[in-house]
Participant: 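Here it is, the structure, as structure tokens.
Quick caveat, the model's predicted, so the values are computed rather than measured.
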Amino acid sequence: MNESAAGAFRMEPIIVWHFLICRRASYDLADPVAPYSLHNVVFQLRPEPGETYPLPGMDLWAFVRLEGEDEHEFWVDVVRLTDDDEYEEDSVTTYGPLIVPFGDNRRPLSRAWYLRRVPFPIPGRYQFRLRQGDEMLAVETVYLED
């Protein structure tokens with residue numbers, strides 16, 4: 001097969017338009033053009049009164065707007081960052097595989113994934129990483145207060 005014929009089968013990379021963390025996402029079947037509503041987009045969190053670290057786990061949602069084709073698997077990793085922005089040796093948790101069926105033609109799709117009981121062992125900065133296999137596609141950082 002020559003190079004131009006091989007190129008015809010090469011898929012374009014996934015494009016991530018948005019990746020946000022929120023306390024809740026809802027879906028409205030009556031509004032197919034803009035069905036998702038994000039509630040309380042999260043950049044910073046603190047324990048509820050009377051709670052201490054490690055937190056028992058917060059229910060959060062990851063909203064993503066992607067463009068692609070065919071069917072793909074994604075993962076959301078939660079990683080605690082150290083003071084010098086290096087990743088801790090072990091991630092806090094991973095969610096997935098999260099399947100997105102784009103179909104035969106390249107198109108954008110939105111999804112909201114429920115991240116059940118995200119653990120936060122200590123205060124600090126946590127990075128939510130959207131990845132496909134070993135490739136990191138997007139990141140969102142959330143700061144956990146004392």
Participant: Establish whether W113 and Y36 are linked, either directly or via other cluster members, by ILVMFWY side-chain heavy-atom contacts under 4.5 Å.
Facilitator: no
Participant: Working to the nearest 0.5 Å, report the span between CZ of F102 and CD of E67.
Facilitator: 8.5 Å
Participant: Calculate, to the nearest 0.5 Å, the distance between atoms CZ and CG belonging to F128 and L60 respectively.
Facilitator: 5.5 Å
Participant: Check whether any side-chain N or O of D59 sits under 3.5 Å from a backbone N or O of R117 as a donor-acceptor pair, and report yes or no.
Facilitator: yes
Participant: With under 30° as parallel and over 60° as perpendicular, where do the rings of Y114 and W61 fit, or are they tilted in between?
Facilitator: tilted
Participant: Roughly how far, to the nearest 0.5 Å, is the CD atom of Q127 from the CD1 atom of I21?
Facilitator: 10.5 Å
Participant: What's the spacing between I122 CD1 and D146 CG if we round to 0.5 Å?
Facilitator: 9.5 Å
Participant: If you look at every heavy atom in P101 and E71, which pair is closest and at what distance?
Facilitator: CB-OE1, 3.9 Å
Participant: Just wondering, are more than 12 heavy atoms of other shown residues or ligands nearer than 6.0 Å to CG in N105?
Facilitator: no
Participant: Are Y143 and V41 connected into the same hydrophobic cluster when the rule is that any two of I, L, V, M, F, W, Y join if their side-chain heavy atoms are below 4.5 Å apart?
Facilitator: no
Participant: Taking all heavy atoms of E69 and all of E12, pick out the closest pair and write down the distance.
Facilitator: OE2-N, 4.0 Å
Participant: Could you please spell out the steps behind the side chain to side chain contact (heavy atoms under 4.5 Å, CB included) verdict for F74 and L137?
Facilitator: CA-CA 9 Å; F74 299 92; L137 302 175; 3.6 Å; yes
Participant: Counting distance only, does the side-chain N/O of E135 pair as donor-acceptor with the main-chain N or O of Q132 below 3.5 Å?
Facilitator: no
Participant: Can you give me the closest heavy-atom contact between P119 and V92, atom names plus distance?
Facilitator: O-CG1, 3.2 Å
Participant: Quick one, R131 and D77 - any side-chain contact, counting heavy atoms below 4.5 Å?
Facilitator: yes
Participant: Within the 4.5 Å heavy-atom criterion, are R111 and V100 side-chain neighbours or not?
Facilitator: yes
Participant: Would you indicate whether the side-chain heavy atoms of L45 and L144 approach each other to under 4.5 Å?
Facilitator: yes
Participant: To check you understand the geometry: which heavy-atom pair defines the closest contact between D28 and A30, and what is its length?
Facilitator: OD1-N, 2.9 Å
Participant: Does a side-chain heavy-atom distance below 4.5 Å link F43 with E140?
Facilitator: yes
Participant: Is there a chain of hydrophobic side chains (I, L, V, M, F, W, Y, each step under 4.5 Å between heavy atoms) that links M136 to W75?
Facilitator: no
Participant: Of all the heavy-atom pairs spanning V16 and F19, show the shortest one and how long it is.
Facilitator: CG1-CB, 4.3 Å
Participant: Shared ILVMFWY cluster between V64 and L115, side chains joined below 4.5 angstrom?
Facilitator: yes
Participant: Distance from E145 atom CD to R46 atom CZ, nearest 0.5 Å?
Facilitator: 4.0 Å
Participant: Would you find a donor on one side and an acceptor on the other, under 3.5 Å apart, between the side chain of R23 and the backbone of V42?
Facilitator: no
Participant: L38, Y27: one ILVMFWY side-chain cluster at the under-4.5 Å cut-off?
Facilitator: yes
Participant: Where is the tightest heavy-atom contact between P121 and Y126, given as atom of each residue plus distance?
Facilitator: CD-OH, 3.3 Å
Participant: Between Y53 (side chain) and P47 (backbone), is there a donor-acceptor pair under 3.5 Å?
Facilitator: no
